[in-house]
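Here the structure comes first, spelled out in structure tokens, and everything after it is commentary.
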Amino acid sequence: MGNIFQPISAEIIKTIDETPNIRTFVLRPEQEVPFLAGQFIELTMPGYGEAPFTPSSSHFKRDIIEMTIMKVGRATGALFDFKVGDTVGIRGPYGARYPLEKFEGRDIYIVGGGVGLAPLRALFLALTHEIDKYGRIFLRYGARTPDDIVYKYLIPEWEKMKKVDIDLSVDVRDERWMKKVGVVTCLMDEIPCDEAKSIAVVCGPPIMMKFVTMKLLEAGFKGEHIYLSMETNMSCGLGHCGHCKLGPYFTCKDGPVLTWDQVKDIPDPFV
Amino acid sequence: MSIQFLAQSSQSEWIESLSRDATLFFPALTKDQVHWQCLDPATPGKDDDAPWALGHIRAAEPVKSFFFTPREKVAEMPGKLEPAAPGKRVLFGAKACDIVALRVHRKMYLEQEFKDEFYRGRRENTLIIVADCPVPEDSCFCNLVHGRPYATDDDRDEGDVALSVVEGGWLLEPLSDAGDKLVALARTTPATEAQLAAREASRQTAAKRLAETNPKQFAPDTPARIWKRVQDDAFWSRHAADCVECYGCLMACPTCYCFLLYDKAKDQGMERTKVWDACYIAAYARVGGGANPRAEFVKRFYNRFFCKFSHFPTWQKMPACSGCGRCYKVCMGKIDIRKVLAEV
């Protein structure tokens with residue numbers, strides 16, 4: 001093992017504007033970064049800092065990594081000025097992967113909000129790549145407005161996949177929107193799978209995660225079957241620096257995906 | 001090798017041999033405090049004014065400074081930074097509490113999935129001679145965190161030689177294989193029964209003093225008690241009332257392992273620096289979007305106790321505290337861990 005703080009170089013080979021403030025960066029790292037769905041990468045914006053992001057591409061695709069990123073702070077603000085051909089840095093992968101072997105034979109109920117669909121896409125692609133291993137895949141996704149939906153151009157293709165069931169909602173509709181209106185929990189009044197046996201996977205803003213988790217528990221999902229992407233200040237990615245401590249966990253090492261059973265005793269885990 | 005006696009008359013010769021191929025640091029008494037000082041063989045006489053303080057408590061500086069440095073460049077782009085080959089060093093006169101602190105850092109930096117090669121390089125190239133602590137101060141409480149004021153065979157993971165000051169010289173007990181080689185460089189004789197008895201008496205006096213200062217052990221269920229009080233802001237606020245948020249306790253703490261990585265632009269790329277960090281700092285846990293799970297100081301105050309005395313003991317079977325008392329010594333509000341934990 002060499003210097004664990006040193007990133008490798010990655011070239012931005014394409015960018016896709018998903019929404020006015022969310023962009024997908026397609027990167028070609030100088031060497032393979034063998035991540036598995038659920039793990040994250042530390043992305044260096046040279047000169048501006050480093051921040052953790054979960055890849056949104058399939059882990060079966062090794063030569064490139066896609067990351068869908070929302071512009072929220074200093075480093076991500078700077079990243080949006082990077083162009084195709086520019087170089088960024090990558091460290092990782094870090095954290096725990098989704099335990100896909102525990103998902104086999106079960107229905108998977110995925111709930112995403114906003115840019116939270118990005119890490120869930122990596123999971124979705126991993127599941128659909130080997131769809132025969134799993135039950136049905138339900139994807140419930142909510143965004144603020146139709147314009148804020150990420151992967152708009154991919155969702156119609158996903159809807160055609162076998163064993164996949166997708167439903168979308170927006171908080172505020174426009175004149176073209178024909179689907180549901182409301183926060184993502186409005187898609188959860190009827191959950192078409194066996195809650196006691198199914199797996200739920202949730203990623204989105206903390207407040208959305210909180211209410212989705214409550215709804216899932218109410219519906220009968222077991223705490224050990226609810227996988228949540230916890231948002232903490234993951235800094236080093238190595239489990240060394242202490243910043244991401246969430247109760248007894250270093251989320252960069254033990255997470256960022258933790259089950260409800262793991263976090264339920266932590267006061268306000270969704271801050 | 002058995003415990004050896006090194007007469008006063010042969011000590012300089014041994015120190016000279018130790019510092020021939022390594023940089024030797026020793027605890028020097030400056031005014032009323034002990035500070036680590038470098039013995040520079042190139043300038044003999046330079047250190048004559050600073051008396052060696054082997055018989056005092058630990059140095060003011062936490063021993064981690066030698067391995068986990070306060071500020072260090074750890075990466076760069078373009079290019080690749082690799083840890084520089086460290087020079088050999090001898091820490092002559094660390095204390096048993098320093099050894100405990102290094103054990104915490106070993107667990108954090110060398111025994112997890114990812115190993116810190118900067119730390120490893122420095123640690124593996126440093127030999128440590130642990131001097132007994134014959135006169136613990138009132139701020140010391142190693143006896144409350146399973147420690148002792150002297151090193152034993154159990155400390156061979158971090159200590160190389162245990163040194164005890166006795167009449168006419170030092171007793172040297174090799175702890176590690178490297179310690180055997182260090183002691184072999186000295187012109188020694190096997191320790192006599194009387195010298196061993198004197199060492200034991202001195203050690204027991206120190207242990208008795210600690211027991212008198214800190215007579216009541218922390219409750220065995222302290223980790224659980226702390227966790228139970230996770231939402232008891234009134235309790236933590238009461239103990240935090242005198243804190244001025246100077247972070248001195250965390251900077252002086254030899255077991256605190258937190259750090260911050262920050263990048264700055266350099267030429268066409270970046271330079272990454274690793275600096276000590278402190279969980280009392282308001283922005284410590286803040287995420288990119290601005291949310292902060294520990295925005296209130298009371299939550300950060302709790303986090304320190306939770307980290308050291310609840311999470312780490314549950315996870316690593318030892319508290320992340322060496323009982324060195326530096327936190328109390330530097331604290332302007334005189335917040336005493338012992339008092340907080342006694343009431344938790």
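Chain identifiers are assigned alphabetically (A, B, ...) following the order of the sequence lines, protein sequences preceding nucleic acid strands; residue numbering begins at 1 within each chain.
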Flag if over 12 foreign heavy atoms under 6.0 Å of CZ, B:R238 = yes
Should we say atom NZ of A:K210 is surrounded by more than 12 heavy atoms from elsewhere, each under 6.0 Å from it?
-> no
Of the non-hydrogen atoms in B:M77 and A:T44, which two are nearest, and what is the gap between them?
-> SD-CG2, 4.2 Å
Rounded to the nearest 0.5 Å, how far apart are CD1 of A:I4 and CZ of B:F118?
-> 8.5 Å
Quick one: are the ring centres of B:W315 and A:Y249 less than 6.0 Å apart?
-> no
Counting heavy atoms not belonging to B:K228, are there more than 12 under 6.0 Å from its NZ?
-> no
Region of B:C256 that comes under 4.5 Å of a non-hydrogen atom in chain A = neither
Under 4.5 Å between any side-chain heavy atoms of A:Y94 and B:E113, yes or no?
-> no
Could I get the full list of side-chain contact (heavy atoms from CB on, under 4.5 Å) partners for B:D277, not counting sequence neighbours?
-> A:H243, B:C258, B:L260, B:I281, B:Y284
Chi angles and distances behind the side chain to side chain contact (heavy atoms under 4.5 Å, CB included) call for A:E50, B:M270 = CA-CA 11 Å; A:E50 190 182 45; B:M270 68 88 182; over 6 Å; no
Measure across B:Q231 and A:P267 and return the closest heavy-atom pair with its distance rounded to 0.1 Å.
-> NE2-CB, 3.5 Å
CG on A:N233 to CZ on B:R286, rounded to 0.5 Å | 9.0 Å
Sort out for me which of B:Q112, B:R294, B:E76 touches chain A most, counting heavy-atom pairs under 4.5 Å.
-> B:E76
If one checks every heavy atom of B:K264 against chain A at 4.5 Å, the contacting part turns out to be backbone
With a 4.5 angstrom heavy-atom cut-off, which part of B:F312 approaches chain A: side chain, backbone, both or neither?
-> neither
Specify which of B:E271, B:K266, B:Q268, B:K274 makes the most heavy-atom pairs with chain A at under 4.5 Å.
-> B:K274
Note, A:N3 side chain near B:P83 side chain (heavy atom, < 4.5 Å) = yes
Out of A:P7, A:G73, A:A51, which one racks up the most heavy-atom pairs below 4.5 Å with chain B?
-> A:P7
Output the distance between atom CG (A:L238) and atom NZ (B:K115), rounded to the nearest 0.5 Å.
-> 11.5 Å
Residue pair B:M108 / A:G239: nearest heavy atoms and the distance that separates them | CE-O, 3.3 Å
Give, for atom SG of A:C241 and atom OH of B:Y257, the distance between the pair rounded to the nearest 0.5 Å.
-> 9.5 Å
Which region of B:R272, side chain (C-beta onward) or backbone (N, CA, C, O), has a non-hydrogen atom less than 4.5 Å from a non-hydrogen atom of chain A, or is it both or neither?
-> side chain
Measure distances from A:E30 to the heavy atoms of chain B and classify the residue's part below 4.5 Å as side chain, backbone, both or neither.
-> side chain
Counting only heavy atoms not in B:K73, do more than 12 fall under 6.0 Å of its NZ?
-> yes
Given A:F5 and B:D116, is the side chain to side chain contact (heavy atoms under 4.5 Å, CB included) satisfied, shown in steps?
-> CA-CA 9 Å; A:F5 305 107; B:D116 183 338; 3.8 Å; yes
Take B:V74 and A:Q6, measure what side chain to side chain contact (heavy atoms under 4.5 Å, CB included) needs, and give me the verdict at the end.
-> CA-CA 7 Å; B:V74 292; A:Q6 175 68 51; over 6 Å; no
Are A:H240 and B:Y119 an aromatic pair by the rule of ring centers under 6.0 Å?
-> no
Would you confirm whether B:D263, through its side chain, and A:Y48, through its main-chain N or O, come within 3.5 Å as a donor-acceptor pair?
-> no
Tell me, side chain or backbone of B:Y262 under 4.5 Å from chain A's heavy atoms, or both, or neither?
-> neither
What part of A:I266 gets closer than 4.5 Å to chain B, counting heavy atoms only: side chain, backbone, both or neither?
-> both
Portion of A:T87 that has a non-hydrogen atom of chain B nearer than 4.5 angstrom | side chain
Taking only residues two or more places apart in sequence, or in another chain, which ones meet A:Q39 in a side-chain hydrogen bond (donor to acceptor under 3.5 Å, both in side chains)?
-> none
